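Values reported hereafter were calculated over all heavy atoms of this structure, with side chains retained and with hydrogens, waters and symmetry mates removed. Here the structure is a predicted model, which means the values were calculated and not measured. Along the sequence shown, the residues carry numbers beginning at 1.
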Amino acid sequence: MDHYDSQQTNDYMQPEEDWDRDLLLDPAWEKQQRKTFTAWCNSHLRKAGTQIENIEEDFRDGLKLMLLLEVISGERLAKPERGKMRVHKISNVNKALDFIASKGVKLVSIGAEEIVDGNVKMTLGMIWTIILRFAIQDISVEETSAKEGLLLWCQRKTAPYKNVNIQNFHISWKDGLGFCALIHRHRPELIDYGKLRKDDPLTNLNTAFDVAEKYLDIPKMLDAEDIVGTARPDEKAIMTYVSSFYHAFSGAQKAETAANRICKVLAVNQENEQLMEDYEKLASDLLEWIRRTIPWLENRVPENTMQAMQQKLEDFRDYRRLHKPPKVQEKCQLEISFNTLQTKLRLSNRPAFMPSEGRMVSDINNAWGCLEQAEKGYEEWLLNEIRRLERLDHLAEKFRQKASIHEVWTDGKEAMLRQKDYETATLSEIKALLKKHEAFESDLAAHQDRVEQIAAIAQELNELDYYDSPSVNARCQKICDQWDNLGALTQKRREALERTEKLLETIDQLYLEYAKRAAPFNNWMEGAMEDLQDTFIVHTIEEIQGLTTAHEQFKATLPDADKERLAILGIHNEVSKIVQTYHVNMAGTNPYTTITPQEINGKWDHVRQLVPRRDQALTEEHARQQHNERLRKQFGAQANVIGPWIQTKMEEIGRISIEMHGTLEDQLNHLRQYEKSIVNYKPKMDQLEGDHQLIQEALIFDNKHTNYTMEHIRVGWEQLLTTIARTINEVENQILTRDAKGISQEQMNEFRASFNHFDRDHSGTLGPEEFKACLISLGYDIGNDPQKKTGMMDTDDFRACLISMGYNMGEAEFARIMSIVDPNRLGVVTFQAFIDFMSRETADTDTADQVMASFKILAGDKNYITVDELRRELPPDQAEYCIARMAPYTGPDAVPGALDYMSFSTALYGESDL
């Protein structure tokens, strides 16, 4: 298919999004996908006479991937690259991915680099995308497509088999009966389904897979053990396998479609008949309920008690809340069913439905109206009767309620007023008891009105001749007597509380003064103990001197602190004298503080003990910081020498690399002497490393005596070693290029002199304008097109440069040169690539024809050469090299053992594959 609607595309793309979210595959699923996808690919690749063994390795060069797409699509893809380089492989894989994308498939997080690198996850995801597009997407069953269509097809085909229940593409297939049922449904002669057992999944799966491979041409894509041994088989592997069955049996779809059409028509008719029966039954039941309910609502016989009438009201509420709402829903559903049925009959060209007599919607509405009319009158009658009984019981209930509230309030009040809790209370507790007593007196006065109301209600009940008046009178008398007793006890308790309050106020003032002075002094001592015991971390002598100065200032405050301690203890002694003189019964300790004189004396003694300890710790730390300062100075002195030395050597090497003094061999010797002097400097680096280790062991983190860190020195040293080695290698490569290409020393000097002349900023590189001037100085006419300032030429600029130098720039020739100077196809030509090209053009080089002519001489002018001739004429290792790589000669004049030196010669120069 070439066109899809948007919904199909969204459904189709969902699996790729799943691949992107699953960073790692479950090992068991990955194993199943490898087997299934490999078998599926080989089922198509064998049509082209090939196959794959390792799915992530065999698709890396893109060739078999492009072949697979051509086989399954029937279309030709772009011509593949035959080179062995990574860029060729990426190009081939990109062509395959572009073809997949051209079929409307959105590839998520799948790139050519991952396939070329053998990324298992991405390779399996790509194959799954191909399977979805070309094997599953076009499946369509009853207006569903792709995965849903395939699942529906499986469910339709296995529906007659009671022990098969296909709900998904994983665990529904574990027992193997689903696969066997699909085969038996279409080819019953291939499997004896009655002998299969659900508890033997291995036999079932092996039977289905073997029969499918032998008779249905469906390759075995999974092992039965892989499915049974996995808690949840891989969904994609099962879908791929099942899709093969679908395509194998697709020819049987026409008969099924015809049967489905008949079933659909019959199902509509059966559904309409069922709707008619449901309407008749629902209408009959609803009318019968209305007939039974109306007489109950019309009954107006009153009850004699309030409880009985309330029960009638509760029954009516149950009717409104529980019984009627379902019937309202039934009535609404009845109308909906009737309208739906008429619509379905009209749409399917059936005659309209006519209910039985008396069961029309209008008949039901009339009956329902009678029901609601009876309901309305019944509710009004119930409410009137209840109001009448409420007036009769209200007055008695009001007396009981007020009496109960008063009795609950007075419960425990007499015992509370008689207690003598003030005798052992503190001053604050006495004041609290007084406030609590004042609140009680206010509460007592507020309850006076309730007592008077109780007495008035009792009198009214007596006047109305209430049937239970004796019990009401007795209860009222008891409440009045208790009220008088509470008044007397309240006055007595107030007098006792006021006497005790005056006695404790004097002691409280002394307690307060003690607390105000003891708390700050205690906090001072605790802070002092914390400071004296606090560990300190310092990194300089200045910091430890600051701590020592602060400690001396603290010691100067100790005499004044001792005077304050003695004053606080004097206040506590005065309190003790007052208690003994007036025989005060003290209920507790000082309410304003928990600090005792014993605690003050104990903490003071502890502070005096900690002072000399702090003196010793500060002295020891001062000595340690002096030692650390000596280490900093020692390291800084060496680092300030070594750092500039490394920088100077780096600059000298840079100058040597661009200057021309003597031959390349002279430059190489000069550089090696530099290298030797650098290596001889290593002991000073080792000494600096030793000093740095001492600094680290002393936990020294900064050094004001130098701006160099050990890490900076190490990086500079490593860069110096790397730079000298790289510079020596560059000179050695220049010598190799000169000798291999036959370029004279004068030519190399000319190239180098021109480059240095135009390298005005001595950076070792040329800008675009500098590069153009350099080429002109060497005799090339570049033209006037401005160059981009990138230090390199793009394709069109390079092509114009070559034409100005006399080269014939046809499309094929230009493509050949670009493949030499720009092998990575970046679209630009670096300065080094241009120099290599010029060296190749100006030097004498061998060609395939020259090598071929040389082999012909060794072969005695024959079109082939023998093994003996190669071993006789060439050194042993080179002879064996040729024997291992030369193809057999197949010309008409061939003899046994003849080798083709012509194809070998062209392959040496990249003109054919070895």
Side-chain angles (χ1 to χ4, degrees), residues 539-540 628-735 748-749 751-767 770-771 774 789-792 830-832 835:
H539 300 95
T540 64
N628 289 351
E629 184 65 15
R630 289 193 295 272
L631 291 178
R632 290 188 182 95
K633 292 180 179 179
Q634 181 177 341
F635 176 85
Q638 296 187 70
N640 290 335
V641 173
I642 295 176
W645 181 87
I646 292 175
Q647 181 64 29
T648 301
K649 291 298 179 182
M650 289 287 288
E651 295 173 355
E652 291 176 355
I653 294 171
R655 287 196 298 272
I656 293 173
S657 65
I658 64 175
E659 293 175 351
M660 295 189 307
H661 296 297
T663 64
L664 293 176
E665 285 78 1
D666 294 337
Q667 297 180 28
L668 182 62
N669 291 332
H670 195 188
L671 287 170
R672 284 176 174 163
Q673 291 175 3
Y674 258 80
E675 184 181 32
K676 184 177 179 180
S677 68
I678 291 171
V679 173
N680 291 336
Y681 203 76
K682 183 66 165 56
K684 294 186 177 180
M685 280 293 297
D686 295 338
Q687 182 180 356
L688 188 64
E689 286 283 2
D691 292 343
H692 181 255
Q693 182 176 355
L694 293 176
I695 284 179
Q696 286 186 323
E697 291 173 354
L699 299 178
I700 300 173
F701 302 106
D702 56 357
N703 192 343
K704 65 182 179 181
H705 302 292
T706 181
N707 293 326
Y708 293 99
T709 66
M710 194 64 225
E711 183 62 24
H712 293 155
I713 298 294
R714 289 195 193 105
V715 172
W717 177 256
E718 293 169 358
Q719 289 178 347
L720 180 60
L721 295 177
T722 302
T723 302
I724 187 64
R726 184 185 301 113
T727 306
I728 291 173
N729 179 255
E730 289 176 356
V731 176
E732 290 174 343
N733 287 338
Q734 291 178 20
I735 294 173
M748 292 295 291
N749 289 342
F751 291 150
R752 191 66 211 176
S754 297
F755 183 83
N756 289 344
H757 175 73
F758 293 100
D759 184 13
R760 307 195 191 282
D761 58 357
H762 301 289
S763 63
T765 59
L766 294 180
E770 296 171 339
F771 178 60
C774 180
K789 294 184 179 182
T790 60
M792 54 188 69
T830 64
F831 175 76
Q832 184 60 43
I835 292 298

inquiry  = Is there a side chain to side chain contact (heavy atoms under 4.5 Å, CB included) between E651 and Q647? Walk through the geometry before answering.
reply    = CA-CA 6 Å; E651 295 173 355; Q647 181 64 29; 3.4 Å; yes
Can you tell me how far the [atom1] atom of [X] sits from the [atom2] atom of [Y], to the nearest 0.5 Å?
| X | Y | atom1 | atom2 | answer |
| --- | --- | --- | --- | --- |
| K704 | E629 | NZ | CD | 5.0 Å |
| E675 | T727 | CD | OG1 | 10.0 Å |
| R672 | E732 | CZ | CD | 5.0 Å |
| K682 | E689 | NZ | CD | 7.5 Å |
| Q673 | L668 | CD | CG | 10.5 Å |
| N729 | L671 | CG | CG | 11.5 Å |

message = Would you say CG of N707 has more than 12 non-hydrogen atoms from neighbouring residues, nucleotides or ligands within 6.0 angstrom?
response = no
Which heavy atom of [X] sits nearest to which heavy atom of [Y], and what is that distance?
| X | Y | value |
| --- | --- | --- |
| I695 | L631 | CD1-O, 3.9 Å |
| Y681 | V641 | OH-CG1, 4.1 Å |
| P644 | A639 | CD-O, 4.0 Å |
| F635 | Y708 | CE2-O, 3.9 Å |
| M650 | L720 | SD-CA, 3.5 Å |
| M685 | I713 | SD-CG2, 3.5 Å |

inquiry  = For E711 and H692, which I'm curious about, is there any donor-acceptor pair between the side chains at under 3.5 Å?
reply    = no
query = Judged by modelled atom types alone, do Q693 and E697 share a side-chain donor-acceptor pair under 3.5 Å?
reply = yes
inquiry  = Between N703 and R632 (side chain of the first, backbone of the second, donor and acceptor by atom type, cut-off under 3.5 Å), is there such a pair?
reply    = yes
request  = Mind running side chain to side chain contact (heavy atoms under 4.5 Å, CB included) on I653 and I678 for me, showing each step along the way?
outcome  = CA-CA 11 Å; I653 294 171; I678 291 171; 4.0 Å; yes
